[in-house]
Amino acid sequence: MPEGHSIHRLASQLSSVFGGQRLAASSPQGRFAAGAAGLNGRVLMGAAAHGKQLFVEFADAPHDSHTPPIFLRVHLGLYGAWSFGGDRSFMGASSIGAPRRVGEREIDGTPDAAYTGPPDPVGAVRLRLASDSGWADLRGPTACEVITGPERDAVIDRLGPDPLHDDTTGDDAARFTAGVRKSASPVGLLLMNQAVIAGVGNIYRAEALFRRKLNPRLPGKSVSAAEASALWQDIGQIMRDGVRDGRIITTLPVDRGSKATRVKREDAHYVYGRAGLPCRRCGTPVALADLAARKLYWCPDCQAQ
DNA sequence: CGACAATGTGTAA
DNA sequence: TACACCTTGTCGA
């Protein structure tokens with residue numbers, strides 16, 4: 001799926017194109033008809049991400065402080081995606097979510113100079129949001145529901161710290177470090193556990209462990225506090241890069257085959273999706289194994305321990 | 001056209 | 001550990 005960086009981009013996009021506006025909501029596919037009816041005609045107040053969870057806040061009126069807000073909770077799962085279109089105010093990504101091919105960039109949008117309204121829905125559109133100036137279509141989410149504020153808080157409480165949130169006090173880093181070091185589970189599993197760290201998926205898992213030279217099978221309790229902290233910092237850096245770029249690029253320029261400014265798809269990662277290909281650092285073939293029903297990639301030499 | 005894989009998670013056994 | 005979920009694109013027959 002879209003890992004945490006894509007969900008943060010989505011939250012920004014939804015806030016910037018729909019914030020403060022009264023929206024029409026519908027479910028062309030029909031599977032979210034009741035939920036869409038509950039959102040229809042409400043004002044989108046803002047959107048926020050926690051890990052891979054997206055929360056969109058709706059109010060009855062722009063400055064209504066009497067009626068409690070309601071929240072749309074969306075989890076894209078493995079293949080969910082949003083697409084956008086509209087006039088100049090819809091500049092930015094036109095598609096965020098599951099890519100056509102692994103490593104593909106999220107697609108840049110071109111504004112429609114003479115926007116007259118949303119197109120006929122293509123495929124299975126679970127939810128369509130539309131303002132006077134544009135539209136957003138949601139396809140294939142694992143979760144799509146309307147919930148209350150306390151229900152949203154309960155979802156967030158079950159999640160670990162999100163490395164894309166500001167961590168000015170260091171509390172989040174400390175929570176992550178403690179979560180790793182108290183567990184006998186392999187660190188490669190812990191990074192995929194959203195209660196330990198929210199937003200990391202299979203690509204960031206593989207790439208962060210390579211960059212820190214950590215063996216994915218190393219038990220969490222064997223990771224030093226200093227190394228856990230460095231891992232947290234590095235994940236934060238590569239995920240912030242992902243938010244900026246709209247794609248996951250974890251290689252340093254020195255480790256890429258091409259010197260081109262535009263990073264080629266095949267040069268974007270160290271180990272993810274590179275089973276059998278030579279490691280960019282040492283030339284050893286990248287290994288592949290199944291771990292908890294997910295593909296695990298690592299360099300047996302660079303990540304020997 | 002069918003089979004299959006894909007940045008994921010929840011449930012049952 | 002398996003598979004259900006349920007969407008899209010790709011690849012092979």
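Naming: A, B, ... by sequence-line order, numbering from 1 per chain.
Taking atom P in both C:dC5 and B:dA13, the straight-line distance is 14 Å, to the nearest Å. B:dC4 and C:dA2 have their P atoms separated by 16 Å, given to the nearest Å. Nucleotides C:dC6 and B:dA12 have their P atoms positioned 16 Å apart, rounded to a whole Å. Taking atom C1' in both B:dG10 and C:dT8, the straight-line distance is 22 Å, to the nearest Å.
The side-chain heavy atoms of A:Arg126 and A:Val74, taken from C-beta on, include no pair separated by under 4.5 Å. When side chains are defined from C-beta on, A:Val180 does not count as touching A:Leu231, because their heavy atoms never get closer than 4.5 Å.
Between A:Arg158 and A:His5, the residue anchored closer to the 5' end of DNA chain B is A:His5, taking for each the nucleotide with the nearest heavy atom.
Here A:Gln29 lies in heavy-atom contact (under 4.0 Å) with sugar-phosphate atoms only.
Within a 6.0 Å radius of CZ in A:Arg88, other residues, nucleotides and ligands contribute 12 heavy atoms or fewer.
Regarding contacts with the backbone of B:dG8, every side-chain N or O of A:His75 stays at 4.0 angstrom or more from both OP1 and OP2. The phosphate of C:dC6 has OP1 or OP2 within less than 4.0 Å of a side-chain N or O from A:Arg31.
Look at CD1 on A:Ile96: it is 17 Å from P on C:dT8, rounded to the nearest Å. We find that NE2 of A:His50 is positioned 16 Å from C1' of B:dG8, with the value rounded to whole Å. Per the geometry, CG belonging to A:Leu291 stands 16 Å off C1' belonging to B:dT9, to the nearest Å. Rounded to an integer number of Å, the gap from A:Lys295 NZ to C:dT1 P is 14 Å. Between the OH atom of A:Tyr297 and the C1' atom of B:dA6 there is a distance of 10 Å, rounded to whole Å. The distance from atom CZ of A:Arg265 to atom C1' of C:dG9 is 13 Å, rounded to the nearest whole Å. Taking atom CD of residue A:Glu145 and atom P of nucleotide B:dG10, one finds them 11 Å apart after rounding to whole Å. We find that CD of A:Gln194 is positioned 8 Å from P of B:dG8, with the value rounded to whole Å.
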Worked check of side chain to side chain contact (heavy atoms under 4.5 Å, CB included) between A:Cys279 and A:Asp301: CA-CA 9 Å; A:Cys279 170; A:Asp301 191 57; over 6 Å; no
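You'll find the ring centres of A:His5 and A:Tyr204 inside the 6.0 Å limit.
Here C:dC6 is the nucleotide among B:dT9, B:dG8, C:dC6 with the atom lying nearest to any side-chain atom of A:Tyr79. In this structure, of B:dG8, B:dT9, C:dT7, it is C:dT7 that holds the atom nearest to the side chain of A:Ala124.
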